[in-house]
Structure formats: C-alpha cells, structure tokens
Amino acid sequence: MPKLLIIEDDAAFCQMLQKFLIRNGYDVDVSFTAQDAKTKFKATTYNLVLTDLRLPNYDGLQLLSDIKDVNPKTQVIVMTGYAEVTSAVEAMKKGAYDYISKPFTPEEILMQIKSALNQEADRQLDSGTKESHKFENTVDEPSENRVVVGLSEASKKLHEYIKLVAPTDMSVLITGKVVQGKR
C-alpha cells in the first residue's frame, strides 16, 4: 500500500482529502505545519507527498527542496489556491512531479497520484536498464505528433513546461539560440 503525506494548513480540507485517499487504498499521514512535516518525512519513507505551496511560517518551495534532500525518489505534488506560472515553473525545476490548482476534483487528484506513483515504479524498473537505452527518446508522445523534437535534457524539460502551461490560456514566449543540426 503506497504511503502518502499531506502537508496542508487548512485542517478541514486536509482531513477530507485524507479520508478520500484512505478510502481509495492509500496509507495517509497528515501534517498541518512544515515543522511537523519535516519530522515525519525524516522518520518515514513516503512514496508521495502532497504539499500546499503557501504554509504559515514556511515557504512551500523550500519544503519541496527539503523533501527532495531527504529522499530524492519521493514524488511531490504541489497544491495551491494561488496558481502562478512562475511558482509552477520553479516547483518543477526543484523536482515536483506536478503542480495542481485548488479547488480540484477528487478524480483529478487521484489521477495525479496514480500517475506519479506509476512513474516512480517505472523509474525503479528502468534503473537497471538505463545504460542500454541511454539515447532513446523517453517522451511518451511519438515525435511525429510533436512540434518540438529533442533528446537532450533541456528539450525534455521544455516539453514538461509546455505540458504544464498548455491547459491554461496564458501566452508564453520561448526564447533561445537556434542551432542547426544533422537529421
């Protein structure tokens, strides 16, 4: 049974989410403060952490870094009622699996959790075969259906950002040097 930690200062929302996830087969701990959460994730290995971006007396992005410092394999989903592209991008750079805006439906969060846990399992399976597939394109979408095609880490990160911003109606300007290469 996957072990989850919810870090949320809104006690009613946190307990509602905890009960929902327990009913869906997860072992769920909760923390209402960053200090309590730090104690818990240092003492227990969690498969996934759901954390609010804005916590009293602590920065959610710093907490994300703290979680990744203790266990880089722990998947982290950042929740916020104040969705901003800059904080979403920063969270992704710091290793968040995803960034979700409140309010969200129970089905949305359940889908995100399942996806994050599946990626964690896939990463563990692939760790033994990583060297033999080093130059393969690991993006899910076939390259002929994508506008931007690339194998480098920077290209993969760009594709993650595109997937993050795509559902919104925000304008995005991508800048950079054009490099001509062989096909």
Side-chain angles (χ1 to χ4, degrees), residues 2-14 16-18 20-21 24 26 28-34 37-38 40-41 46-123 138-141 146-148 150 153-175:
K3 186 112 175 107
L4 279 57
L5 174 63
I6 302 170
I7 308 165
E8 170 65 63
D9 59 318
D10 180 345
F13 174 76
C14 186
M16 178 203 63
L17 185 56
Q18 178 189 30
F20 171 75
L21 293 173
N24 281 278
Y26 297 101
V28 183
D29 290 339
V30 297
S31 289
F32 302 113
T33 66
K38 286 172 135 185
K40 286 183 177 173
F41 67 72
Y46 292 97
N47 300 96
L48 184 132
V49 174
L50 289 160
T51 184
D52 194 2
L53 183 64
R54 292 193 181 179
L55 295 165
N57 304 321
Y58 210 81
D59 176 37
L61 292 175
Q62 180 58 49
L63 186 60
L64 169 61
S65 295
D66 296 343
I67 294 166
K68 289 296 188 174
D69 287 345
V70 171
N71 187 354
K73 292 181 180 180
T74 299
Q75 296 287 29
V76 180
I77 296 175
V78 177
M79 308 177 291
T80 185
Y82 309 93
E84 299 169 350
V85 172
T86 53
S87 58
V89 169
E90 191 62 28
M92 299 302 277
K93 282 182 180 178
K94 291 185 179 255
Y97 172 78
D98 209 346
Y99 183 95
I100 189 166
S101 298
K102 295 183 216 170
F104 47 78
T105 65
E107 292 78 24
E108 285 177 303
I109 195 66
L110 199 55
M111 184 179 71
Q112 290 293 345
I113 290 169
K114 287 179 180 177
S115 178
L117 293 173
N118 284 338
Q119 184 179 13
E120 178 192 18
D122 289 347
R123 201 176 353 178
T138 58
V139 178
D140 299 332
E141 243 176 283
R146 291 176 39 221
V147 176
V148 178
E153 286 302 313
S155 294
K156 290 176 187 174
K157 197 61 137 173
L158 174 63
H159 190 68
E160 285 179 30
Y161 294 153
I162 290 169
K163 285 170 49 177
L164 177 69
V165 177
T168 71
D169 61 354
M170 298 193 77
S171 298
V172 177
L173 175 63
I174 301 171
T175 62

Apply side-chain contact (heavy atoms from CB on, under 4.5 Å) to L50 and I109, showing your working. CA-CA 10 Å; L50 289 160; I109 195 66; 3.6 Å; yes
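- Looking only at side-chain heavy atoms (C-beta outward), L17 and M79 come within less than 4.5 Å of each other.
- With sequence neighbours excluded, the residues forming a side chain to side chain contact (heavy atoms under 4.5 Å, CB included) with T105 are E107, E108, listed by chain and number.
- Q112 has its side chain out of reach of F104: every pair of non-hydrogen atoms, C-beta onward, lies at least 4.5 Å apart.
- In this structure, the side chains of P56 and T33 stay at 4.5 Å or more apart for every pair of heavy atoms.
- Judged as a side chain to side chain contact (heavy atoms under 4.5 Å, CB included), and not counting sequence neighbours, the contacts of D66 are K38, F41, Y58, Q62, L63.
- Salt bridge annotation for R54-D9: absent, with no cationic side-chain nitrogen under 4.0 angstrom from a carboxylate oxygen.
- The side chain to side chain donor-acceptor pair (under 3.5 Å) search around T80 returns none, not counting sequence neighbours.
- Contact check for I100 versus I77: side-chain heavy atoms found under the 4.5 Å cut-off.
- By the side chain to side chain contact (heavy atoms under 4.5 Å, CB included) test, K114 is found to be paired with Y26, L110, residues two or more places apart in sequence or in another chain being considered.
- Atoms CD1 and NZ, from I67 and K94 in turn, are 12.0 Å apart once rounded to the nearest 0.5 Å.
- The NZ atom of K68 lies 5.5 Å from the CD atom of Q75; values are rounded to the nearest 0.5 Å.
- Proximity of a side-chain donor or acceptor of D52 to a complementary backbone N or O of L55 within less than 3.5 Å is not detected.
- Within 6.0 Å of the CG atom in N57, the count of heavy atoms belonging to other residues, nucleotides or ligands does not exceed 12.
- Take S87 and apply the side chain to side chain contact (heavy atoms under 4.5 Å, CB included) test, not counting sequence neighbours, and it matches L53, E84, Y99.
- Side-chain atoms of E8 and F32, non-hydrogen and from C-beta on, never get closer than 4.5 Å to each other.
- Looking at residues two or more places apart in sequence or on another chain, you find no ring-ring contact (aromatic ring centres under 6.0 Å, His included) involving F20.
- For the residue pair N71/Y46, the side-chain donor-acceptor check at 3.5 Å is not satisfied.
- The SG atom of C14 sits 5.0 Å away from the CD1 atom of I6 when rounded to the nearest 0.5 Å.
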Could you please spell out the steps behind the side-chain contact (heavy atoms from CB on, under 4.5 Å) verdict for I113 and L21? CA-CA 10 Å; I113 290 169; L21 293 173; 3.5 Å; yes
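- When side chains are defined from C-beta on, V78 does not count as touching L61, because their heavy atoms never get closer than 4.5 Å.
- The CG atom of L4 sits 5.0 Å away from the CG atom of L48 when rounded to the nearest 0.5 Å.
- Formation of a donor-acceptor pair under 3.5 Å by the Q18 side chain with backbone atoms of V28 is found in this model.
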